[in-house]
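Letters A, B, ... mirror the listed sequences (proteins, then strands); counts begin at 1.
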There are 2 protein chains.
Amino acid sequence: MTPSRSDLPRPRRRRRAANRRAPAVTIHDVAARAGVSVATVSRVLNRKEIVREETTNQVLAAAKSLRYIPNVAARALSIRRSQTVGIVLPDVHGEFFSEVIRGIDVAARKDRYHILVSGSHSDVVEMGEVLEAMHGRVDGLVVMAPDVAIDSLREQLPRDLPMVLLNSSDERHPAITIDNYGGARAMMRHLAGLGHKRIAFITGPASNADSRDRLRGYRQSMRGATRLEIAGDFTEHAGHEAVKQILAADPRPTAIFAANDSMAVGALSALHEAGIDVPRQMSVVGFDDIPIARYVNPPLTTIRVEIAELGRRAFAVLVETLAHPKSRVRRETIETTLIVRKSSGRQGETS
Amino acid sequence: MTPSRSDLPRPRRRRRAANRRAPAVTIHDVAARAGVSVATVSRVLNRKEIVREETTNQVLAAAKSLRYIPNVAARALSIRRSQTVGIVLPDVHGEFFSEVIRGIDVAARKDRYHILVSGSHSDVVEMGEVLEAMHGRVDGLVVMAPDVAIDSLREQLPRDLPMVLLNSSDERHPAITIDNYGGARAMMRHLAGLGHKRIAFITGPASNADSRDRLRGYRQSMRGATRLEIAGDFTEHAGHEAVKQILAADPRPTAIFAANDSMAVGALSALHEAGIDVPRQMSVVGFDDIPIARYVNPPLTTIRVEIAELGRRAFAVLVETLAHPKSRVRRETIETTLIVRKSSGRQGETS
DNA sequence: GCGCAAAATGTAAACGGTTACATGTAACGG
DNA sequence: CCGTTACATGTAACCGTTTACATTTTGCGC
């Protein structure tokens, strides 16, 4: 029964042998320097309970002189929350991507939250890994995923990790969606009002819910008319390529509706190369109103989506869910606005 | 001396009273279910030491049935590394921003690292907060900051947290920089070769090192000639506005060199509105070769910078520093390439 | 100076993992 | 049948915080 180690509690040994990096200064160092206990240091730093002013000053001075920076991971572990939300995005192209993040980031900062971003995930496996890598570091998630993935994602998720979806359709989670269908219908009315009948549509990826709803709006408006749908993937390149097929069509359409602005920009460029005047010979319209849209030539008629607002609302709903876990599942819709610029014109003002 | 608590080690009480969220499943739950100790579970999950196959299977089954997900924050605390690097960016505009992140992200994923991003930081105080929020969560940092901030940033940093700078000039840290000066000189030679003498320059923010070096290249090439410098801030809007001043200048310049592509795009748009033909009446060139550059009208002559490569190299250097902390401070330069498209033309081909 | 409540501070368990070291067990040679 | 060894597994300290509870100090009335 002789214990091989000392019976007396040994003083906390600062480092184990195999550590690599230089020791960072911890709350214990500050406590030692200030001549108080770690509890007191913690109290001072978190301004939670009453500490004598003199003690407070000593602690603060010690912390400052040692350049103490609390280890947020340790704190998160202890209090079981991190004041951080995770953002998981698929491989989203360019500006949309950064606008969403910006929206969340700005909102988060106001509430003293931090964000942890992971983007460019092409498949479900990768997304799963990312989610795993976030467990313990985030209090909740904002997820944008091709909706085929949502279900399998759920399974890899720690239970009870609140999550808000962007532009996906799942019954069990709060979600913020764009009024894609309504926006597409509005754009189609605009084109119809200009006299266009033969309207081509460049689609986004089929796995994307936004993409599908925009397509649905196009189809609904084209009931009875002959549709021309070219498959795209939301990149400028796809828009550029699609134009070749559209120009070859007989009868040739008089307007092109791209499922997002990036593709519309690509289309404009291809039309210019082909010597086709926009909007006199061909109208081109997009969707999203990304920042560049007003600066292309001619400026792009599009459907404005407040992308940053999308992020902001997602964050708001997430925080709400964090505060009241039992509240019912909320789903919000972001309305859209038709922005008429120079890339769309009356049909028949051809040469 | 009578201890008020029991002398016997009590079994670990699972939760303290005040917890809010539902309990997540931990390694202890898995151990209990598999009928082994936590050490064994840990060994199985990390494939580190030899565990009997039968035991392994039991553990794996238990983990699966409980949907166990390890808490990465706890692990990070324990092993003192997180397999995560932090990315800190100022308020960078649009595509540049996302390209850098993508570059780092792709490289990081290959090495099984994760990234933690924080963007849109306007001032030093905010950046300090962000850095603090990363302490304990990251093994190293990639930082892009207005260089006035670097010094004060250093002070807020935990000692010994490796950091790689993007496009900043600081002696004490590894840095990846773009050959801005060389690129600007190359572009100026291109314009001179087309016969341009009166060349206007739209600058970026003065606090930005890239911006300053590009300006320096312009000035060096313009020795002796009359310069026209308009202050900008890297946004399309700034480029758009700058054109007003440039058109009012007498004698009017024959070419505009914008310090980045976004401003060049804004300038193109303004020139189009003003009815000035590019490149016949005015050449316009940019810097960066962002994705949109080839799709504007006319396609933009610019200096290609492999932005994603910038991120990739930054990550590589960071990992290198992590592995060999004492190795000398490395600084690398990303070379640039002149990309000639349609927005620049021979001077004198005016109406 | 004493008793007592209130205020300030300290002690140590817990958060969820990893791992050094201790312990138990099976195989094997003698 | 025992000692040795190698292998498998368990125990508990530790990572850096927070915080319930215990303990000490202070202030105050008498």
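Projected onto DNA chain D by closest heavy-atom contact, Ala39(A) and Arg52(A) fall at different nucleotides, the more 5' of which corresponds to Ala39(A). Taking for each of Arg75(B) and Val36(A) the nucleotide of DNA chain C with the nearest heavy atom, the 5'-most of the two is the partner of Val36(A).
Looking at Ser65(B) and Arg33(B), their side chains do bring a donor and an acceptor atom within 3.5 Å of each other. Checking Asp139(A) against Ser82(A) by side-chain atom types alone, a donor-acceptor pair falls below 3.5 Å. Side chain to side chain, Arg52(B) and Asn57(B) fail the donor-acceptor criterion of an N or O pair below 3.5 Å.
As a whole-Å value, the separation of Ile79(B) CD1 from dA20(C) P is 12 Å. Nucleotide dT9(D) holds its P atom 16 Å from the CG atom of Asn46(B), rounded to whole Å. The CZ-C1' distance, from Arg47(A) to dT19(D), rounds to 18 Å in whole Å. Spacing between atom CG of Leu77(A) and atom P of dG16(D) amounts to 12 Å, rounded to whole angstrom units. His28(A) has its NE2 atom 8 Å from the P atom of dC15(D), to the nearest Å. Taking atom CD1 of residue Ile69(B) and atom C1' of nucleotide dG16(C), one finds them 14 Å apart after rounding to whole Å. Per the geometry, CZ belonging to Arg81(B) stands 14 Å off C1' belonging to dT18(C), to the nearest Å. The CD1 atom of Ile50(A) sits 14 Å away from the C1' atom of dT25(D) (whole-angstrom rounding).
Considering only side-chain atoms of Ala74(A), the nucleotide from dT17(D), dG17(C), dT9(D) that sits closest is dT17(D). For Arg43(A), taking side-chain heavy atoms from C-beta onward, the closest of the listed nucleotides dA20(C), dT18(C), dA20(D) is dA20(D). Distances were taken from every side-chain heavy atom of Thr40(B) (C-beta onward) to each of dG10(D), dT19(D), dT9(C); the shortest belongs to dG10(D). Among the nucleotides dT19(D), dA12(D), dT11(C), the one closest to any side-chain atom of Ser37(A) is dT11(C).
At a threshold of 4.5 Å between non-hydrogen side-chain atoms, the residues Ile87(A) and Leu116(A) do not count as touching.
In this structure, Phe97(B) has its ring center no closer than 6.0 Å to that of Phe97(A).
Remark: Tyr68(B) OH to Asp29(B) CG distance equals 9.0 Å, nearest 0.5 Å.
Using a 4.0 Å heavy-atom distance criterion, Ser42(A) is classed as a base contact.
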Inset, instruction - Given side chain to side chain donor-acceptor pair (under 3.5 Å), test Thr84(A) with Arg137(B) step by step and report yes or no. - result: CA-CA 12 Å; Thr84(A) 301; Arg137(B) 296 204 245 234; 3.1 Å; yes
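Remark: the Ser78(B) side chain and the dG17(C) base include a donor-acceptor N/O pair separated by less than 3.5 Å. For Arg80(A) against dG16(C), a side-chain-to-base donor-acceptor contact under 3.5 Å is absent.
Judged by distance alone, with hydrogens and angles left aside, the side-chain atoms of Ser42(B) form no donor-acceptor pair with the main-chain N or O of Val38(B) at under 3.5 Å.
A close approach under 4.0 Å does not occur between any side-chain nitrogen or oxygen of Asn71(A) and OP1 or OP2 of dC15(D).
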Legend entry - Dot-bracket encoding of pairs in DNA chain D, which uses [ ] for pseudoknotted crossings and | for another strand, Watson-Crick or G-U under 3.5 angstrom: ||||||||||||||||||||||||||||||
